[in-house]
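Before any comments, here is the structure.
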Amino acid sequence: MQRAERLLDLIQGLRRRRRPVTAETLASELDVSVRTVYRDIAALLRQGVPVRGEAGIGYVLDAGFDLPPLMFSPDEIEAVLVGMRWLSERADPTLARAAEDVVAKVAAVLPPHLRPILLDGALFAPAYCKDSAIVDQVDAAAIRAAIRNGRKLDIAYRDEAGAESRRMIWPIGMTFFDRVRVVIAWCELRQAFRHFRTDRIAELTAREERYPARRADLFRRWQKEEQEAASRRAMEQSSLQSEPEAVQ
C-alpha cells in the first residue's frame, strides 16, 4: 500500500468513529506498525487535517472535516451499489426512490473510468415478485421521520393473531429484513422496548410531542437489553445441551 493511499485509509478509519481510537487499533486495521501510525498522524497534522488526541489515549477527527466526493475506491462503489439495490427492493417507496437517487448522484461525480463499476455493476440483491412484497397500510416514511425527529407515534397495532391494540410508542430505529420491516420502540403501554412490524400497523398518527429522552441513549439501552437477552438464551441453550451428560 502506497503512503498516499494509507493516509486516506487512516482518515477514513478516523472519520467512521465518533470516539477516540487508539494507534494500536488503527495499526491493526491498516496492517502497519504503531510507529507508522504515529508518523502518519503527524503527517496529517502538518497537512492541516484536524486530528486531535495523543499517543496512549487515542485519536479523533474533528467534526466537519470531509474528503472530496471523488474519493471512492472500487470496493466502496460496489458497497454503495449493493446497498442501494437491496434497499430499492425492500424499503418503503419513498426510501426506495431515494436509493435510486443516491446511485444517480454518485454516478454523476465519479470519474469516467470508475463509472462502469456503478452503472454496469455485476453485484445484485435478489428481487421479489410483487405478490410477495411487503404491503404497509401506513406511510413508513412518517415512521422514519419520527425516528429522526424523536417524536411519539400513536398507532393501532395488530398482533400475529389479529388482535388490535392502541399504543403510544417512542420510535428509535427500524430494522430491514428480507420481507419484513420492524420498528424498534419504547412502548408506553408495556413500559418496555417492543418491536412492531410495519405491515401490522393499521393506523398511525405522528404526534408533535417529542419523547422525553435522547434517541441515542434509548438505542444504547435497547442494545444492552438485546445483548443481555442473547447471552441468557445462549446460556439456556448450553444448559439444555449439557443436561443429558449430567443425567448419565
Side-chain angles (χ1 to χ4, degrees), residues 1-2 4-18 21 29-30 49 61-151 153 171-185 195-199 201 204 206 215-216 219 223:
M1 181 186 297
Q2 295 186 0
E5 182 181 354
R6 191 177 68 242
L7 290 176
L8 288 174
D9 287 346
L10 178 57
I11 292 175
Q12 186 63 26
L14 293 168
R15 188 171 60 167
R16 78 168 67 100
R17 292 177 168 91
R18 296 183 179 181
V21 57
E29 289 184 359
L30 298 172
V49 178
L61 189 65
D62 279 349
F65 178 79
D66 207 352
L67 292 172
L70 301 185
M71 293 299 182
F72 285 104
S73 70
D75 286 341
E76 290 168 342
I77 295 170
E78 289 184 334
V80 170
L81 176 64
V82 174
M84 295 306 99
R85 282 179 171 173
W86 195 94
L87 270 179
S88 66
E89 291 293 336
R90 292 161 178 80
D92 59 87
T94 302
L95 194 57
R97 190 163 51 249
E100 295 174 357
D101 290 342
V102 167
V103 173
K105 288 180 178 180
V106 172
V109 299
L110 285 177
H113 72 283
L114 292 177
R115 202 166 296 151
I117 299 176
L118 185 70
L119 299 181
D120 302 323
L123 304 183
F124 299 92
Y128 294 118
C129 65
K130 291 184 178 180
D131 292 339
S132 64
I134 302 170
V135 179
D136 291 332
Q137 301 179 58
V138 298
D139 184 6
I143 301 174
R144 292 188 288 103
I147 293 171
R148 289 194 301 269
N149 298 322
R151 301 193 184 280
L153 290 175
I172 62 171
M174 185 182 293
T175 301
F176 292 76
F177 295 96
D178 272 348
R179 305 193 186 194
V180 174
R181 294 185 288 272
V182 175
V183 181
I184 305 163
H195 304 105
F196 302 91
R197 282 178 47 162
T198 59
D199 58 325
I201 299 177
L204 179 152
R215 190 196 66 83
F219 194 81
Q223 285 182 311

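With respect to the salt-bridge test (charged N to carboxylate O, under 4.0 angstrom), the residues E76 and R16 do not qualify.
The CD atom of E100 sits 10.5 Å away from the CG atom of L95 when rounded to the nearest 0.5 Å. Of the inter-residue distances, the one linking L61 atom CG with Q12 atom CD reads 10.0 Å to the nearest 0.5 angstrom. Atoms CE and NZ, from M84 and K105 in turn, are 12.0 Å apart once rounded to the nearest 0.5 Å. Note: L204 CG to L153 CG = 5.0 Å, rounded to the nearest 0.5 Å.
Closest approach of A99 to S88, counting heavy atoms only: CB-N, 4.3 Å. Across all their heavy atoms, A185 and P171 have their closest contact at CB-CA, 3.8 Å. For the residue pair V180 and V182, the shortest heavy atom distance occurs at CG1-CG2, 3.8 Å. Residue F176 comes nearest to W86 through the heavy atom pair O-CH2, 3.2 Å, listed as atom of the first residue, atom of the second, then distance.
Side chains of V138 and T198 form no contact here, defined as non-hydrogen atoms less than 4.5 Å apart. Within the 4.5 Å cutoff, side-chain heavy atoms of R85 are placed close to those of L81. Residues D136 and I201 are not in side-chain contact: their nearest non-hydrogen atoms beyond the backbone lie 4.5 Å or more apart. Using a 4.5 Å heavy-atom cutoff, the side chains of M174 and I184 are not in contact.
With R215 contributing its side chain and I172 its backbone, the two residues share a donor-acceptor pair below 3.5 Å.
Each of R97, R144, R181 was evaluated against D92; a single residue qualifies, R144, per the side chain to side chain donor-acceptor pair (under 3.5 Å) test.
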